[in-house]
There are 2 protein chains.
Amino acid sequence: MGADRAKGHLDTLILSVLSMGPGHGYEVIAELRRRSDGAFDMPEGTIYPSLHRLEKQGLLESDWDTHDGRRRRVYRLTAQGATALAVATTEWRRFSVSMNAVLGVAG
Amino acid sequence: MGADRAKGHLDTLILSVLSMGPGHGYEVIAELRRRSDGAFDMPEGTIYPSLHRLEKQGLLESDWDTHDGRRRRVYRLTAQGATALAVATTEWRRFSVSMNAVLGVAG
DNA sequence: CGACTACCCCTAGACTACCTAGGTATGGGA
DNA sequence: TCCCATACCTAGGTAGTCTAGGGGTAGTCG
């Protein structure tokens with residue numbers, strides 16, 4: 001039971017990061033690490049396939065960009081992605097409340 | 001993204017229920033449903049393999065019991081299981097804090 | 001009596017998310 | 001020159017969970 005893994009909530013986290021503005025994969029990893037104070041330190045092999053999956057589902061769109069000679073794929077949330085994020089956030093809160101209720105800890 | 005699934009935290013939930021006293025599988029399901037106000041409604045095919053796995057890991061012990069002619073396998077937490085629960089609970093709180101930080105919602 | 005429901009246990013097989021472990025390539029600093 | 005940070009990618013395996021069945025007992029209702 002790793003402490004630093006997202007356990008089924010990874011898509012929610014990625015959508016959340018990209019809801020604040022477009023970004024590329026490597027940046028999403030850095031943002032996740034920064035905002036979670038180091039707790040979420042995802043390997044690239046986890047993030048990239050997840051981004052591809054989300055794009056295939058229509059929750060993200062992407063374009064190639066070139067920056068300092070390096071190419072990047074910049075992702076942005078679609079309207080559908082924004083809706084999915086809202087739903088997922090609500091679900092997370094409900095889930096969190098239920099977990100705390102069962103564990104008997106304060107939310 | 002199902003709202004009622006435990007996504008990697010199922011073991012923690014089961015250990016938590018059994019930390020309040022021994023119980024059998026069917027009872028664990030009912031307790032989970034009751035304590036989560038219906039949110040966690042786990043199918044038997046999820047709970048039983050999980051109980052077996054936890055026992056194999058040494059976190060639970062079990063004995064057969066007969067009650068009203070029906071046989072039950074009653075599980076109880078081992079010392080190792082209690083330790084694992086304490087660790088998992090701490091991890092859950094950290095995870096929860098990190099999720100809320102990234103999502104930008106109040107804990 | 002028969003049917004149905006609640007109780008109680010179990011497993012095989014499949015799905016899917018995630019991780020591991022590699023690969024490619026550029027730019028900059030030591 | 002070598003290494004590190006940046007930046008992308010995929011194949012393959014592991015493991016958790018669900019689906020979809022199987023078994024059986026006790027009590028109630030018609």
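Residue numbering restarts at 1 for every chain, and letters A, B, ... go by the order of the sequence lines.
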What N/O pairs connect the protein and nucleotides 26-30 of chain C at under 3.5 Å? Give each pair on its own line.
from    : atom 1 : to       : atom 2 : distance (Å)
dT26(C) : O2     : Arg70(A) : NE     : 3.4
dG27(C) : O4'    : Arg70(A) : NH2    : 3.4

Residues forming a side-chain contact (heavy atoms from CB on, under 4.5 Å) with [X], sequence neighbours excluded:
X	value
Thr90(A)	Arg94(A)
Ser36(B)	Ser98(A), Val102(A), Ala39(B), Phe40(B)
Ile29(A)	Arg33(A), Glu44(A), Ile47(A)

Please enumerate all residues that pass side-chain hydrogen bond (donor to acceptor under 3.5 Å, both in side chains) together with His24(B), with sequence neighbours excluded.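 By the side-chain hydrogen bond (donor to acceptor under 3.5 Å, both in side chains) rule, His24(B) matches Glu27(B).
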Quick one: list whatever passes side-chain hydrogen bond (donor to acceptor under 3.5 Å, both in side chains) with Arg34(A), sequence neighbours left out.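 Listed in chain order: Glu31(A).
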Dump the pairs, protein N or O against N or O of nucleotides 10-13 of chain C, anything under 3.5 Å, distances to one decimal.
from    : atom 1 : to       : atom 2 : distance (Å)
dC10(C) : OP1    : Arg73(B) : NE     : 3.1
dC10(C) : OP2    : His52(B) : NE2    : 3.1
dT11(C) : OP2    : His52(B) : ND1    : 3.4

In whole angstroms, how far is the [atom2] atom of [N] from the [atom1] atom of [X]?
X	N	atom1	atom2	value
Arg53(B)	dC18(D)	CZ	P	11 Å
Lys7(A)	dC18(C)	NZ	P	12 Å
His67(B)	dA26(D)	NE2	C1'	12 Å
Lys56(A)	dC9(D)	NZ	P	13 Å
Asp41(A)	dT20(C)	CG	P	11 Å
Ile47(B)	dC7(C)	CD1	C1'	16 Å
His9(A)	dC18(C)	NE2	C1'	14 Å
Leu51(B)	dC8(C)	CG	P	14 Å

State whether Arg72(B) places a side-chain N or O below 4.0 Å from either non-bridging phosphate oxygen (OP1 or OP2) of dT25(D).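 For dT25(D), neither OP1 nor OP2 has a side-chain N or O of Arg72(B) closer than 4.0 Å.
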Find out whether [X] and [Y] are in side-chain contact, i.e. whether some heavy atom of one side chain is under 4.5 Å from a heavy atom of the other.
X	Y	answer
Arg35(A)	Ser16(A)	yes
Val87(A)	Glu91(A)	yes
Trp92(A)	Ser96(B)	yes

For DNA chain D, the residues among residues 23-35 of chain A that have a non-hydrogen atom under 4.0 Å from it: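 Contacts with DNA chain D under 4.0 Å: His24(A), Gly25(A), Tyr26(A).
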Quick one: salt bridge (Lys or Arg N to Asp or Glu O under 4.0 Å) pairs with a partner in residues 45-58 of chain B, sequence neighbours left out?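 Qualifying pairs, neighbours excluded: Asp11(B)-Arg53(B).
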Hey, could you give me each pair passing salt bridge (Lys or Arg N to Asp or Glu O under 4.0 Å) that has a residue in residues 63-74 of chain A? Not counting sequence neighbours.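 Checked against salt bridge (Lys or Arg N to Asp or Glu O under 4.0 Å) - neighbours excluded - the pairs reaching residues 63-74 of chain A are Asp63(A)-Arg76(A).
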Does anything in residues 78-89 of chain A form a side chain to side chain donor-acceptor pair (under 3.5 Å)? List the pairs, not counting sequence neighbours.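 Output for this query is empty, none listed.
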